[in-house]
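Computed from a predicted structure; not experimentally measured.
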Amino acid sequence: MSAVSLISLTEPVGPPDAPLVVLGPSLGTSTILWDDVVPLLADDYRVAAWDLPGHGTGPVARAAFTVADLADAVAAAVPDDTFLYAGVSLGGATGLELALRHGDRLRAAAIVASGAQLGDPGAWAERAAQARAQSTSSLIVASAQRWFAPDSIARRPELTGRLLHALQDADDDSYARCCEALAAYDVRSDLGRIDVPVLAAWGAFDAVAPEAKAVEIAAGVGNGRVERIDGAGHLPPAEQPGAVAALLRSFFASTSRKAA
């Protein structure tokens, strides 16, 4: 399976001459995660989003892959020479690998609800085995507890429900391979090689990638900053789309001014 065929990328929406923003997903979700953020960015940016292997419109994975492979696939799929990036959880980890492997094309990266290393390898192996043996449907209850702040489901029932359906519909083996990619992922010792502007943001209720993960990223890279997203757990773009869009707009605008 070639790198570019690992993922699917939507057609950009927005002004044809505007800078391109590429949005990355969390494990178990799809481009749905960003549905309410895209319209808030598309006045001033061209916005595209990508799907993981076996998630949404992403092709089913036929072999093992790494987070670095996902970064290579995103870089291969993006049509522009340079672009801005924002990704959540596994999509955020992909953003750090993009900064390491394709930093000459990356204008800035927002790493949301993620880290330079995530979770315990043994726990990822167990989840991969569960997905293969019992399907991703068996993960819905635990995922809902991990993903959302206490009132997010009640406040945004339609979108949170669609995200949980996306998890249920994900290809079981592809999901498991994503877990295995996360088990092997650790770029903590490489953060010092990243010199593109990085925003590390975390949800105030996120127990998966709490504040310490964001602080570690911002402190380790050459040009990093940290922001908290109130009222959000592990999926801030779905839970607090207005706050996330405002944060991205401010961050991308500040990096563009510095570049100019």
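Asp120 contributes a side-chain N or O that, together with a main-chain N or O of Ala123, makes up a donor-acceptor pair within less than 3.5 Å. No side-chain donor-acceptor contact under 3.5 Å links Ser30 to the backbone of Ala166. No donor-acceptor pair closer than 3.5 Å links the side chain of Gln240 to the backbone N or O of Pro236. In terms of modelled atom types and a separation under 3.5 Å, the side chain of Thr94 and the main chain of Ala71 share no donor-acceptor contact.
Summarising the geometry of Leu40 relative to Ala245, their closest heavy-atom pair is CB-CB, 3.6 Å, with the distance given to 0.1 Å. Nearest heavy atom pair, residue Trp124 against residue Gly119, reads NE1-CA, 3.8 Å. Taking all atoms of both residues into account, the shortest heavy-atom contact from Ser152 to Thr160 is O-CG2, 4.0 Å. Across all non-hydrogen atoms, the minimal contact from Tyr185 to Leu118 is CD2-N, 4.3 Å. Contact record, Trp147 with Leu27: CZ2-O, 3.6 Å, taken as the closest heavy-atom pair. Smallest separation of non-hydrogen atoms from Ser26 and Leu33: N-CD2, 3.7 Å.
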Output a table of donor-acceptor pairs, distance under 3.5 Å, between side-chain atoms of residues 83-93 and any protein atom two or more places apart or on a different chain; print 'none' if there are none.
from  : atom 1 : to     : atom 2 : distance (Å)
Tyr85 : OH     : Trp50  : NE1    : 3.3
Tyr85 : OH     : Gly91  : O      : 2.6
Ser89 : OG     : His234 : NE2    : 2.9

Can you list, pair by pair, the side-chain donor-acceptor contacts under 3.5 Å of residues 210-222, counting residues two or more places apart and other chains?
from   : atom 1 : to     : atom 2 : distance (Å)
Lys213 : NZ     : Gln117 : O      : 2.8
Lys213 : NZ     : Gln117 : OE1    : 3.2

Distance-only donor-acceptor pairs under 3.5 Å for side chains of residues 188-197, two or more places apart:
from   : atom 1 : to     : atom 2 : distance (Å)
Arg188 : NE     : Asp186 : OD1    : 2.9
Arg188 : NE     : Asp186 : OD2    : 3.3
Arg188 : NH2    : Asp186 : OD2    : 2.6

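Counting heavy atoms from C-beta outward, Leu9 and Val22 have side chains that approach closer than 4.5 Å. Two residues are said to be in side-chain contact when any heavy atoms from C-beta on lie closer than 4.5 Å; Ile140 and Leu167 meet this criterion. Leu106 places none of its side-chain heavy atoms less than 4.5 Å from the side chain of Thr82. Side-chain contact check for Leu52 versus Ile7: every heavy-atom pair is 4.5 Å or farther apart. Residues Pro12 and Val47 fail the side-chain proximity criterion, which asks for heavy atoms closer than 4.5 Å. Within the 4.5 Å cutoff, side-chain heavy atoms of Val244 are placed close to those of Trp34.
Rounding to the nearest 0.5 angstrom, the gap separating the CZ atom in Arg225 from the CZ atom in Phe251 is 6.5 Å. Of the inter-residue distances, the one linking Asp51 atom CG with Thr29 atom OG1 reads 8.0 Å to the nearest 0.5 angstrom. The structure places OG of Ser5 at 10.5 Å from CZ of Arg62, a figure rounded to the nearest 0.5 Å. Distance check: Phe252 CZ to Leu247 CG gives 9.0 Å after rounding to the nearest 0.5 Å. Here the CG atom belonging to Leu139 is positioned 11.0 Å from the CG atom belonging to Leu164, to the nearest 0.5 angstrom. To the nearest 0.5 Å, the span separating CG on Leu96 from CZ on Arg101 amounts to 13.0 Å.
In this view, Arg107 satisfies the salt bridge (Lys or Arg N to Asp or Glu O under 4.0 Å) rule with no residue, not counting sequence neighbours. Residues that satisfy the side chain to side chain contact (heavy atoms under 4.5 Å, CB included) test with Asp44, not counting sequence neighbours, are Arg249. A search for side chain to side chain contact (heavy atoms under 4.5 Å, CB included) contacts involving Gln134 returns Gln130, Ser138, not counting sequence neighbours. In terms of the side chain to side chain donor-acceptor pair (under 3.5 Å) criterion, residue partners of Tyr175 (sequence neighbours excluded) are, by chain and number, Arg127. For Pro121, the side chain to side chain contact (heavy atoms under 4.5 Å, CB included) test picks out Ala183, with sequence neighbours left out. With sequence neighbours left out, Asp36 forms a salt bridge (Lys or Arg N to Asp or Glu O under 4.0 Å) with Arg156. With sequence neighbours excluded, the residues forming a side chain to side chain contact (heavy atoms under 4.5 Å, CB included) with Arg132 are Ala128, Asp173, Ala176, Arg177, Glu180, listed by chain and number. With sequence neighbours left out, Thr66 forms a side chain to side chain donor-acceptor pair (under 3.5 Å) with Asp69.
Side-chain atoms of Ser135 and Asp172 form no donor-acceptor pair, as typed in the model, at a separation below 3.5 Å.
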Apply side-chain contact (heavy atoms from CB on, under 4.5 Å) to residues Asp81 and Arg105 and explain how you reach the verdict.
CA-CA 6 Å; Asp81 291 336; Arg105 296 183 60 199; 5.5 Å; no

Tell me, with the steps shown, if Glu97 and Val187 meet side-chain contact (heavy atoms from CB on, under 4.5 Å).
CA-CA 8 Å; Glu97 287 282 18; Val187 297; 3.6 Å; yes

Could you please spell out the steps behind the side-chain hydrogen bond (donor to acceptor under 3.5 Å, both in side chains) verdict for Asp72 and His102?
CA-CA 8 Å; Asp72 289 347; His102 304 280; 2.8 Å; yes

With side-chain contact (heavy atoms from CB on, under 4.5 Å) as the criterion, how do Trp202 and Ser114 come out once you've worked through the C-alpha distance, each side chain's angles and the decisive distance to 0.1 Å?
CA-CA 7 Å; Trp202 85 99; Ser114 191; over 6 Å; no

Might you work through the side-chain contact (heavy atoms from CB on, under 4.5 Å) test for Leu6 and Leu70, ending with a clear yes or no?
CA-CA 7 Å; Leu6 271 176; Leu70 293 176; 4.3 Å; yes

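In this structure, Phe205 is not a member of the same hydrophobic cluster as Ile153, with clusters built from ILVMFWY side-chain heavy atoms closer than 4.5 Å. Under a hydrophobic clustering in which Ile, Leu, Val, Met, Phe, Trp and Tyr are joined whenever their side-chain heavy atoms come within less than 4.5 Å, directly or via other members, Val208 and Val67 fall into different clusters.
Evaluation of the salt bridge (Lys or Arg N to Asp or Glu O under 4.0 Å) test over residues 14-35, restricted to residues two or more places apart or in two chains, returns Asp35-Arg162.
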